[in-house]
Amino acid sequence: MSEPRLLVAGLRAGYADSAVIRDLSLRVGAGEVAVVIGPNGHGKTTLLRAISGLVRPSAGRVELGGTDVAGWPAERIAALGLVHVPQGDGLFAEMTVEDNLLMGAFPGPAWRARRAELVKIYERFPAVASRARQRARTLSGGERRLVSLSRALMRPSRIMLIDEPSLGLAPVAIDTVYEAIAELKAAGATIVLVEENFTHVGQVADSVHVLETGAIVASGGYAELSADPTIVQTYLGSV
């Protein structure tokens, strides 16, 4: 088996004296989309934060392309090509869409290539291009989420962490966001995608991992988990 793009092994992480993630392991190959799904408050966001360095693990490994980055500061991990798209959108409301995109091009080499990357994003997502001069506060929820994803593409990435992209969006906006994620997958992106809504992940997931109380309790393909009545009833609801 080839070396994974991301390998998490025996990870423990949390806040103060509270362990949220408990001995968690996860393997994601290059070009794969791994979906982590589960109830609110069971550690999905903490997992992403521990991988990206926003939370310092207390034990375990986080290997990015074979390099153990567990405990590194977030900016050092980001410099290796990890991009973290948090919940919501985090846009600067009074800045234009284009200026928000440019904020994703820091630091260094990405800034020098910013104009070329803008052209690529505008070609890939015409809806973003059409809003380039608008202030972010004037966008719909789906448009804001699309801009947030686009900002993450302003510098080269080895792996993207995307936290609940459908959160708070209307169904038509969710469709738009998942079409964008499907495009990223088709272009070869490696993604760890956290979701509570299981309905939309089937079009992008190579693997699905159910997380409960900080541990992965089931893993498999989307079709496999969707056909398991115990998994569906306990964790997924109707799919």
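The chain is numbered in sequence order, starting from 1.
- Under the 4.5 Å side-chain criterion, counting only non-hydrogen atoms from C-beta, Glu63 is not in contact with Val69.
- Under a 3.5 Å cut-off, the side chain of Arg56 and the backbone N or O of Gly71 do form a donor-acceptor pair.
- Contact of the Leu169 side chain with the Arg145 side chain is registered, since non-hydrogen atoms from C-beta on lie closer than 4.5 Å.
- The two residues Pro57 and Ala70 have their closest heavy-atom pair at CG-CB, 4.4 Å.
- Hydrophobic clustering (ILVMFWY, side-chain heavy atoms < 4.5 Å, transitive): Phe106 and Val85 are in one cluster.
- Note: Leu6 CG to Arg27 CZ = 10.5 Å, rounded to the nearest 0.5 Å.
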Under the criterion side-chain hydrogen bond (donor to acceptor under 3.5 Å, both in side chains), I'd like the reasoning laid out for Ser207 against Glu32: C-alpha separation, chi angles, the key distance, then a yes or no. CA-CA 8 Å; Ser207 62; Glu32 293 181 353; 5.3 Å; no
Dump the intermediate steps for side-chain contact (heavy atoms from CB on, under 4.5 Å) on Val97 and Val128, then the final yes or no. CA-CA 8 Å; Val97 164; Val128 174; 4.0 Å; yes
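- Annotation: ring pair (Phe, Tyr, Trp, His ring centres under 6.0 Å) contacts involving residues 113-145, sequence neighbours excluded, are absent.
- Side-chain atoms of Thr176 come within 3.5 Å of backbone N or O of Val172 as a donor-acceptor pair.
- Minimum heavy-atom separation, Gly43 to Val20: CA-CG1, 3.6 Å.
- Leu102 is listed as a side-chain neighbour of Trp111, based on a closest heavy-atom distance under 4.5 Å.
- Counting heavy atoms from C-beta outward, Val62 and Trp72 have side chains that stay 4.5 Å or more apart.
- Within the 3.5 Å criterion, the main-chain N or O of Ala19 finds a donor-acceptor partner in the side chain of Arg22.
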Assess the residue pair Leu161 and Val83 against the criterion (side-chain contact (heavy atoms from CB on, under 4.5 Å)); give the C-alpha distance rounded to whole Å, side-chain angles, the decisive distance to 0.1 Å, and a yes or no. CA-CA 6 Å; Leu161 312 179; Val83 174; over 6 Å; no
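- Taken together through direct or relayed side-chain contacts under 4.5 Å among Ile, Leu, Val, Met, Phe, Trp and Tyr, Ile174 and Tyr222 form part of one hydrophobic cluster.
- Cluster annotation: Leu167 is not connected to Val204 through the hydrophobic network of ILVMFWY side chains, with a link wherever side-chain heavy atoms come within less than 4.5 Å.
- Taking all atoms of both residues into account, the shortest heavy-atom contact from Val208 to Gly221 is CG2-C, 4.5 Å.
- The two residues Ala78 and Arg155 come nearest to each other via the heavy atoms O-NH1, 3.0 Å.
- The backbone N or O of Glu212 lies less than 3.5 Å from no partner atom in the side chain of His42, so there is not a single donor-acceptor pair.
- One hydrophobic cluster, built from ILVMFWY side chains closer than 4.5 Å, holds both Ile216 and Val194.
- In terms of heavy-atom proximity, Ala173 sits nearest to Gly142 at CB-CA, 3.7 Å.
- A donor-acceptor pair under 3.5 Å is formed between the side chain of Ser58 and the backbone N or O of Arg12.
- A distance of 10.0 Å separates CG in Leu146 from CD1 in Ile121, rounded to the nearest 0.5 Å.
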With side-chain contact (heavy atoms from CB on, under 4.5 Å) as the test, would you mind laying out the steps for Leu24 and Leu211 before giving the verdict? CA-CA 9 Å; Leu24 185 147; Leu211 190 149; 3.5 Å; yes
Between Leu118 and Met154, does a side-chain contact (heavy atoms from CB on, under 4.5 Å) hold up when you go through it step by step? CA-CA 7 Å; Leu118 276 175; Met154 284 296 293; 4.0 Å; yes
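- Residues forming a ring pair (Phe, Tyr, Trp, His ring centres under 6.0 Å) with His200 (at least two apart in sequence, or on another chain): Tyr178.
- Proximity of Asp89 to Arg151: side-chain heavy atoms (C-beta onward) are nowhere separated by under 4.5 Å.
- Across all non-hydrogen atoms, the minimal contact from Leu149 to Ala180 is CD1-CB, 4.4 Å.
- Remark: side-chain polar atoms of Arg61 are not paired, donor with acceptor, to backbone N or O of Asp68 under 3.5 angstrom.
- Using a 4.5 Å heavy-atom cutoff, the side chains of Val35 and His209 are not in contact.
- Distance CD/Glu183 to CG/Leu153: 10.5 Å, rounded to 0.5 Å.
- By the 4.0 Å N-to-carboxylate-O rule, Arg124 lies too far from Glu179 to be salt-bridged with it.
- Taken together through direct or relayed side-chain contacts under 4.5 Å among Ile, Leu, Val, Met, Phe, Trp and Tyr, Val217 and Val201 form part of one hydrophobic cluster.
- Remark: the Thr96 side chain and the Gln134 side chain contain no N/O donor-acceptor pair separated by less than 3.5 Å.
- Under a 3.5 Å cut-off, the side chain of Ser18 and the backbone N or O of Gly14 do not form any donor-acceptor pair.
- Between Ile159 atom CD1 and Ile51 atom CD1 the span is 7.0 Å, to the nearest 0.5 Å.
- No side-chain heavy atom of Ile181 sits less than 4.5 Å from a side-chain heavy atom of Gln203.
- The closest donor-acceptor contact from the side chain of Arg144 to the backbone of Leu139 lies at 3.5 Å or more, if one exists at all.
- Here the straight-line distance linking atom CG of Leu184 with atom CD1 of Ile162 works out to 6.0 Å at 0.5 Å rounding.
- Expressed to the nearest 0.5 Å, how far CG of Leu26 lies from OG of Ser219 amounts to 7.5 Å.
- Electrostatic pairing of Lys44 and Asp163 does not count as a salt bridge here, judged by no charged N lying under 4.0 Å from a carboxylate O.
- A salt bridge is absent between Lys120 and Glu123; no separation between the charged side-chain nitrogens and carboxylate oxygens falls under 4.0 Å.
- The shortest distance between side-chain heavy atoms of Asp23 and Leu11 does not fall below 4.5 Å.
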